[in-house]
Amino acid sequence: MAGTAEPPRTMFEKIWSRHQVLEREDGQTLLYVDRHLLHDGGATAFDMLRKRGLKPRAPERVFATPDHYVATDSRRLEEIQDPRHREMVEKLARNTAEHGIRMFGLGGPDQGIVHVVGPETGLSQPGLLMVCGDSHTSTHGALGALAFGIGSTEVAHVLATQSLWQRKPRTMRISVEGQLGEGVTAKDVILAIIAEIGAAGATGHVIEYAGSAIRGLSMEGRLTLCNMSIEAGGRAGMVAPDEITYAYMQGREYAPKGAAWEAALERWRALPSDPGAVFDREVTLDAAAIAPMVTWGNSPEDALPINGRIPSPEDAPDAERREVVSRMLDYMGLTPGTPLDEVPVERVFIGSCTNSRIEDLRSAAAVARGRQVAAGVRAWVVPGSEPVKRQAEAEGLHEVFRAAGFEWREPGCSMCLGTNGDIAAPGVRVASTSNRNFMGRQGPGARTHLLSPAMAAAAAVTGRFTDVRRLMRGDA
Amino acid sequence: MDPFLHLEAVAVPLPRPNIDTDQIIPARFLSRPREIDHGQFLFHDARRLPGSPEERPDFPLNRPEWREAKVVVGGRNFACGSSRESAVWALHDYGVRCAIAPSFGDIFYNNSLKNGLLPVVLPAEAVAELTAQLEARPGATLRVDLPAQTVTFPDGQVHGFEIDPFAKHCLLEGVDELGFTLTFEEDIAAFERRYGRENTR
Ligand code: SF4
């Protein structure tokens, strides 16, 4: 326990020092990993272990679920059309079975996107150090964990040693103060943050999100927020645990029970950054100034409020930016000066580890209810996990979506990345609730615009980007 | 992994900021095992005309002077995005041994160190200067000296760079961390005893 003489510490520092196995003089620290999550893109790491005759050191700390390569129109392995994709899912099942690692398998009751499954099963907890061979591992920081993505060599390293060498990153606090407006969601907040600080704005830093607007977010909202920390370049993102966190955690499969729960609560309550703790950088945003956001370019930093206009290369501050803007406009098929809400969409994707949780589906369904997907638009809803799907169906959301003309599909990463074959054709404009609008992300030549689930539903029913607040007020 | 000491090689400028790992290797090639030559997937779509196998002549790596480049000089936030180590494998298998940029995606930076590909961070002005020199003389070479931690530009300017001493050691020796970490088995076991069963459930 911290004595009175100890300097105030950030939540990050508390978690970091608790997991230090050893620190070398040069600053390299060997950190112990509490939880290691795996998905079906990670076969290489097992190959690396096998080659060296090694085994997972602590299989009880490792959990897996197939998500990147599963089909979203079937739950049957045999029905995965592409043999390469099928093999990825099979390999995960084989590797985990061989080493006694728990897998939330395809067709089972808990399968889903790894960053949806972790929080949902209670595996993601305050104060834990978590890794996964996926950059969006930052998601789990929403619970007050230190969670970050690693590459396959590091995955093999963690499997073999349950630990990882790291240099201490810097810290950054992003405070969003005040009240978010009606129709403004966590997705809009994170897009506004990235637009403000840039896609490399948090490079080398662990972000702690703070401020009254963040404390007011639900757990789903915080997961969305932390998910995109990596799109700001952040090593990780985190939110201090509070009553919202504990209420979310309680009763989940892997959450502590009984006396262990009480002990955990006591530990967790000591986690938030101490008053007076110093961050290497501080950024503050005004919540009331954030509007529903849509990206127009090929980096998540290229986001605008829905009432904005497509920028012109002429307005760029320098020649480099001018070139980048014109390339992006060319790729995206956009004309400078066009109001965003006049840009027509052809496909809508509601899903991904950013926005496929129950609250996301509820907010999209609220917009879809009693409306129809516009002619010529193909709209998908892909729940983040089997439990999300069950919950949504229990609430009748699937019927709302179907009645409005959306397709209701099976859980997986789907069109976020398209590794399972769910892609958009070249030139097709997609309104997507995922996290990356990179060139070719949703298929070669596909044009991705990032937005919130409610905004995506609004785009689906109007056939163009639309300020969801107008639909909410009933004047569109 | 291959050791890295010195390199004197052609450098190709890729000056745009935020060149992401999806561009370096598109997602549809991620299911290939490591043994496959990933060089064929490097900038697969960016190198080609939309929807065609044909190369776009304006993509730097397609120019004869830069085809054999072993160094890439990127813009700010080079290789941002996903954790796919195959982005490093694609560069590595193509023959690239060093990437220079004002900043990198964190995960890519770590991944490169583990595959014998040296990531070098230089100040933005220096990278801009280097890019200008390379564009003025396509096919020009530069020299990278890891022991001395310097890059020598085509015009002879020498720039120092920082690298973590541990990572430097691993690169110089061509050893990977895993073997090294296994020698700390006792420390890990001691940590586990201290830490107990906490957080296993
Ligand atoms: S949903 Fe998208 S970002 Fe999330 S894990 Fe899957 S592919 Fe990655």
Side-chain angles (χ1 to χ4, degrees), chain A residues 21-22 24 26-28 30 32 34-35 41 43-44 47 52 57 60-61 69 84-85 87-88 125 127-128 133-135 149-154 156-157 160-163 165 167 199-200 203-204 233 235 254 256 260 298-299 301 320 323-324 327 417-419 426 436 438-441 444-445, chain B residues 1 15-18 20-23 26-28 30-35 44-46 48 50-51 75-77 80-86 88 102-108 110-111 114-115 128 164-167 176-182 184-185 187-188 190-192 195 198-201:
Chain A
V21 175
L22 56 95
R24 292 159 46 102
D26 60 16
Q28 281 284 351
L30 190 63
Y32 196 75
D34 290 307
R35 297 250 199 270
T44 312
D47 296 342
R52 306 175 68 131
R57 178 183 180 89
E60 73 280 8
R61 292 184 179 277
Y69 291 94
R84 262 205 199 91
H85 300 170
E87 204 192 333
M88 297 299 271
Q125 296 175 11
L128 296 195
D134 189 279
S135 57
I150 55 178
S152 9
T153 303
E154 290 177 317
H157 188 283
T161 68
Q162 203 54 35
S163 63
W165 291 100
R167 265 193 107 73
T203 301
R235 190 88 185 94
Y254 283 92
N298 298 113
S299 164
E301 69 187 15
E320 178 195 278
E323 200 262 342
V324 170
R327 274 188 66 89
L417 179 69
T419 36
R436 287 188 176 139
F438 298 163
M439 290 180 185
R441 174 80 177 178
Chain B
M1 99 184 163
R16 264 174 280 124
N18 297 327
D20 55 69
T21 51
D22 278 77
Q23 286 176 62
R28 62 187 184 281
L30 300 187
S31 57
R32 308 300 199 275
R34 175 64 191 104
E35 290 67 40
H44 187 279
D45 296 347
R48 289 171 175 79
R76 168 173 57 83
N77 207 18
C80 58
S82 98
S83 61
R84 60 188 71 168
E85 198 153 317
S86 41
V88 177
S103 58
F104 288 90
D106 276 340
I107 309 181
F108 174 88
N110 282 334
N111 286 343
K114 296 181 166 76
N115 288 274
D164 180 81
F166 180 47
D176 72 9
E177 280 174 359
L178 181 48
F180 176 74
T181 311
L182 290 170
F184 290 102
E185 208 284 323
D187 298 80
I188 299 171
F191 180 92
E192 283 172 333
Y195 199 58
E198 185 184 311
N199 297 334
T200 49
R201 214 191 147 98

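Here is the naming used below: chain letters follow the sequence lines, and residue numbers restart at 1 for every chain. Every heavy atom of this structure was used, including side-chain atoms; hydrogens, water molecules and symmetry mates were not.
Atom OG of B:Ser82 and atom CZ of A:Phe438 lie 8.0 Å apart (nearest 0.5 Å). Separating the CZ atom in B:Phe104 from the OG1 atom in A:Thr203 is a distance of 11.5 Å, to the nearest 0.5 Å. To the nearest 0.5 Å, atom OG of residue A:Ser152 and atom CG of residue B:Asn115 are 8.0 Å apart. Distance check: B:Leu30 CG to A:Met88 CE gives 7.5 Å after rounding to the nearest 0.5 Å. Rounded to the nearest 0.5 angstrom, A:Glu154 CD and B:Lys114 NZ are separated by 4.0 Å. Note that CD1 of B:Ile188 is 5.0 Å distant from OG1 of A:Thr161, once rounded to the nearest 0.5 Å.
Only the backbone of A:Ile150 comes within contact range of chain B, with heavy atoms under 4.5 Å apart. For chain A, the nearby part of B:Phe184 is the side chain; its heavy atoms alone come within less than 4.5 Å. Proximity to chain B involves both the backbone and the side chain of A:Ala199, based on heavy atoms less than 4.5 angstrom apart. Residue A:Thr44 touches chain B through its side chain alone, counting heavy-atom pairs closer than 4.5 Å. Heavy-atom distances place the side chain of B:Asn18, and not its backbone, under 4.5 Å from chain A. Heavy atoms closer than 4.5 Å to chain B are found in the side chain of A:Ser163, but not in its backbone. When heavy atoms are compared at a cutoff of 4.5 Å, A:Arg167 approaches chain B solely by way of its side chain, counted from C-beta outward. For A:Arg436, the part lying under 4.5 angstrom from a heavy atom of chain B is the side chain only.
Between B:Glu192 and A:Arg57 there is a salt bridge, since a side-chain N of the basic residue sits under 4.0 Å from a carboxylate O of the acidic one. Looking at A:Asp134 and B:Arg84, no side-chain N of the basic residue comes within less than 4.0 Å of a carboxylate O on the acidic one, giving no salt bridge.
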Requested in this report: Take A:Arg52 and B:Leu178, measure what side-chain contact (heavy atoms from CB on, under 4.5 Å) needs, and give me the verdict at the end.
Outcome: CA-CA 10 Å; A:Arg52 306 175 68 131; B:Leu178 181 48; 3.9 Å; yes
**Report entry** Steps toward side-chain contact (heavy atoms from CB on, under 4.5 Å) verdict (B:Arg32, A:Arg84)
**Finding:** CA-CA 8 Å; B:Arg32 308 300 199 275; A:Arg84 262 205 199 91; 3.3 Å; yes
Requested in this report: Any chance you could lay out the side-chain contact (heavy atoms from CB on, under 4.5 Å) test for A:Arg24 and B:Phe166, step after step, and finish with the verdict?
Outcome: CA-CA 9 Å; A:Arg24 292 159 46 102; B:Phe166 180 47; 3.5 Å; yes
Query raised in the report: Does the side-chain contact (heavy atoms from CB on, under 4.5 Å) test come out yes or no for B:Leu182 and A:His157, once each step is laid out?
Result: CA-CA 9 Å; B:Leu182 290 170; A:His157 188 283; over 6 Å; no
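When each of A:Ala156, A:Pro444, A:Gly41 is scored by its heavy-atom pairs under 4.5 Å with chain B, the top score falls to A:Pro444. Note on B:Asp45, B:Asp164, B:Asn110: by heavy-atom pairs under 4.5 Å with chain A, the leading option is B:Asp164. Taking B:Glu185, B:Arg34, B:Arg76 one by one and counting their heavy-atom pairs under 4.5 Å with chain A, the maximum is reached by B:Glu185. Interface summary for chain A: among B:Ala167, B:Pro15, B:Pro17, B:Gly105, the most heavy-atom pairs under 4.5 angstrom belong to B:Pro17. Ranked by heavy-atom pairs under 4.5 Å with chain A, the first of B:Glu177, B:Arg28, B:Gln23 is B:Glu177. Of the listed residues A:Glu301, A:Gln162, A:Arg327, the one with more heavy-atom pairs under 4.5 angstrom with chain B than any other is A:Arg327. With chain A as the partner, the residue from B:Ser103, B:Pro165, B:Pro33, B:Ser83 showing the most heavy-atom pairs under 4.5 Å is B:Ser83. Listed options B:Ala190, B:Gly81, B:Ser86 were ranked by heavy-atom pairs under 4.5 angstrom with chain A; first place goes to B:Gly81.
No side-chain heavy atom of B:Arg16 sits under 4.5 Å from any side-chain heavy atom of A:Glu320.
A donor-acceptor contact closer than 3.5 angstrom is absent between the side chains of B:Ser31 and A:Glu87.
Using cut-offs of 30° and 60° for the angle between ring planes, the A:Tyr32 and B:Tyr195 rings count as perpendicular.
Across every non-hydrogen atom of A:Gly151 and B:Asn111, the tightest pair is CA-OD1, 3.2 Å. Scanning all heavy atoms of the two residues, the minimum distance from B:Asp106 to A:Gly233 falls at OD2-O, 3.8 Å.
Considering only residues two or more places apart in sequence or on other chains, A:Thr419 meets the side-chain hydrogen bond (donor to acceptor under 3.5 Å, both in side chains) condition with none of them.
Between the side chain of B:Glu85 and the backbone N or O of A:Thr153, at least one donor-acceptor pair lies under 3.5 Å.
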